[in-house]
Amino acid sequence: MKMANNLQRWAIAFLSIFSVSLPALAVDNYKEFRRDRWDFEASVNYFYSEANYPSSGGGSQNLPGGNSYSLLDSSFGTRYTPKRNWSVFGWGTVSNAESKDSVATRANSSLSEAAIGFDFLMYSDVFQLIPEIIAVMPFEEVDPASDTVLNSEGVFEVHSRLIAQMDFGTLRGYGWLGFNFRGGGRSFLMPWGVGAQFKMNRFRLGG
C-alpha cells in the first residue's frame, strides 16, 4: 500500500503496488518529482530455498534432504520531494528468518536494517535521467562464530543506479543500471532492470 500526500493541496491518494523486489520500496523505478509530495510505502517480500551456492563458485547445490532456509521481510518507507528536481527517502526492514536441518530449527526475528537515499533529475527533455544513491546500515552484523540464522546481508552497503525513463502518455517505460558496494569482503553487484507502467486514472499497472 502506498499513500501519496500532496502537502500543497492536502490531498490523499491511495495506490496499490505489487513489489517483486526490494528496490521497488520507497525507490520507485519510475520516478515522479512533484513539489511537496510525501509518499509512504509498505512492502512484504518472501524468500525460500532448499539450495545454496558453494564458496568455490559455480552453480547452486541442493541442501541435504529436509534442510531449508526462509526469509520474510516487512519493509516500511517514505519519500519526500521538497523541490521539483530532487527527493530524499528511506526505509526500515523487520526480518524473520528460519533455517531447518536434521538437528534443529533456528529462527531470528529483528529490525534488520535501515536505509537512507537521495535522487535528483539530472536531465529532462525527450526522456529523463535520474541518478540515485542509497546507504544501507545493518542492525545485525555477521558473526562467523555464531550459529544464529542470518536475516540480512549483515554488512554496510551502498547502492547506486542511473535510471532512464520516458512518458508515452498512457504508457511509461524505464530502464536502469546500478552498482552495489557491499562491505565485509562480499562481492560487488551490478543489477539492472527494465519495465513499463500503464496509467489508469489514479492507479498504475506495471511490471
Side-chain angles (χ1 to χ4, degrees), residues 1-48 71-95 113-136 157-180 189-207:
M1 179 70 70
K2 173 181 175 180
M3 181 177 68
N5 184 7
N6 188 312
L7 299 181
Q8 287 182 330
R9 299 184 181 181
W10 297 96
I12 296 178
F14 293 92
L15 301 176
S16 295
I17 292 181
F18 176 68
S19 173
V20 295
S21 63
L22 187 61
L25 176 72
V27 197
D28 286 344
N29 290 309
Y30 191 95
K31 300 280 190 176
E32 292 185 272
F33 293 90
R34 299 179 183 178
R35 185 174 180 178
D36 288 330
R37 180 184 174 96
W38 206 335
D39 297 329
F40 298 90
E41 294 187 19
S43 175
V44 176
N45 293 274
Y46 180 75
F47 172 81
Y48 177 86
L71 177 66
L72 179 66
D73 284 331
S74 300
S75 300
F76 307 90
T78 185
R79 178 174 183 253
Y80 177 58
T81 309
K83 301 290 184 181
R84 292 186 179 275
N85 60 354
W86 66 277
S87 76
V88 292
F89 53 84
W91 72 79
T93 301
V94 176
S95 300
E113 66 181 26
I116 185 169
F118 169 81
D119 57 38
F120 67 96
L121 189 58
M122 182 174 69
Y123 172 82
S124 181
D125 197 349
V126 178
F127 63 95
Q128 295 179 326
L129 285 177
I130 303 162
E132 173 189 272
I133 187 164
I134 307 166
V136 182
E157 301 178 64
V158 176
H159 299 182
S160 62
R161 62 178 181 165
L162 179 65
I163 304 167
Q165 62 185 39
M166 189 171 181
D167 194 331
F168 298 96
T170 56
L171 184 68
R172 305 191 297 188
Y174 61 86
W176 53 269
L177 178 66
F179 177 79
N180 292 359
L189 304 176
M190 187 173 287
W192 59 272
V194 294
Q197 289 184 354
F198 180 72
K199 294 187 290 186
M200 299 182 296
N201 294 326
R202 292 181 177 271
F203 293 90
R204 304 290 184 267
L205 180 64

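Please read these numbers as outputs of a predicted model, since none were measured by experiment.
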*Do Thr170 and Phe198 have side chains that get closer than 4.5 Å, going by heavy atoms?*
yes
*Measuring from Glu32:CD to Leu121:CG, what's the distance to the nearest 0.5 Å?*
12.0 Å
*Using a distance-only test with no angle check, is there a side-chain donor-acceptor pair under 3.5 angstrom linking Trp38 and Thr78?*
yes
_Heavy-atom pair with the smallest gap, counting every atom of Phe120 and Trp86_ = CB-CB, 3.8 Å
*Smallest separation among heavy atoms of Asp167 and Lys199, with atom names*: OD2-NZ, 3.4 Å
*Heavy-atom pair with the smallest gap, counting every atom of Tyr80 and Pro82*: O-CD, 3.4 Å
*Hey, which of Gln165, Arg161, Gln197 is the one that makes side chain to side chain donor-acceptor pair (under 3.5 Å) with Asn29?*
Arg161
*Minimum heavy-atom separation for Phe33 to Ser87, with atom names?*
CE2-N, 4.2 Å
*Start with the C-alpha distance between Tyr174 and Val194, add both sets of side-chain angles, then the distance that settles side-chain contact (heavy atoms from CB on, under 4.5 Å), and finish with yes or no.*
CA-CA 6 Å; Tyr174 61 86; Val194 294; over 6 Å; no
_Thr81 vs Phe89, side-chain contact (heavy atoms from CB on, under 4.5 Å): CA-CA, chis, key distance, verdict_ = CA-CA 9 Å; Thr81 309; Phe89 53 84; over 6 Å; no
*Of all the heavy-atom pairs spanning Arg202 and Arg204, show the shortest one and how long it is.*
C-NH1, 4.0 Å
*Tell me whether the guanidinium CZ or amine NZ of Arg172 lies under 6.0 angstrom from the six-membered ring centre of Tyr30 and within 45° of its axis.*
yes
*Around Leu129, counting heavy atoms of other residues, nucleotides and ligands shown, do more than 12 lie under 6.0 Å from its CG?*
yes
*asked:* The test is salt bridge (Lys or Arg N to Asp or Glu O under 4.0 Å); show your working for Arg79 and Asp119 and say whether it passes.
replied: CA-CA 10 Å; Arg79 178 174 183 253; Asp119 57 38; 3.5 Å; yes
*Ion pair Asp36/Lys83, N-O distance below 4.0 Å*: no
*Is there a side-chain contact between Leu72 and Val44 (heavy atoms, below 4.5 Å)?*
yes
*Going by heavy atoms in the side chains, are Pro191 and Trp176 under 4.5 Å from each other?*
yes
_Please tell me whether Ser75 and Thr93 have a donor and an acceptor in their side chains that are separated by less than 3.5 angstrom._
yes
*Side chains of Val158 and Ile133: closer than 4.5 Å at any heavy-atom pair?*
yes
*Residue list, side chain to side chain donor-acceptor pair (under 3.5 Å) with Tyr46, at least two apart or on another chain*: none
*Close side-chain approach of Asp73 to Phe47, heavy-atom, < 4.5 Å*: no
*Does a side-chain heavy-atom distance below 4.5 Å link Leu162 with Met122?*
yes
_Is any side-chain heavy atom of Gln128 closer than 4.5 Å to one of Lys31?_
no
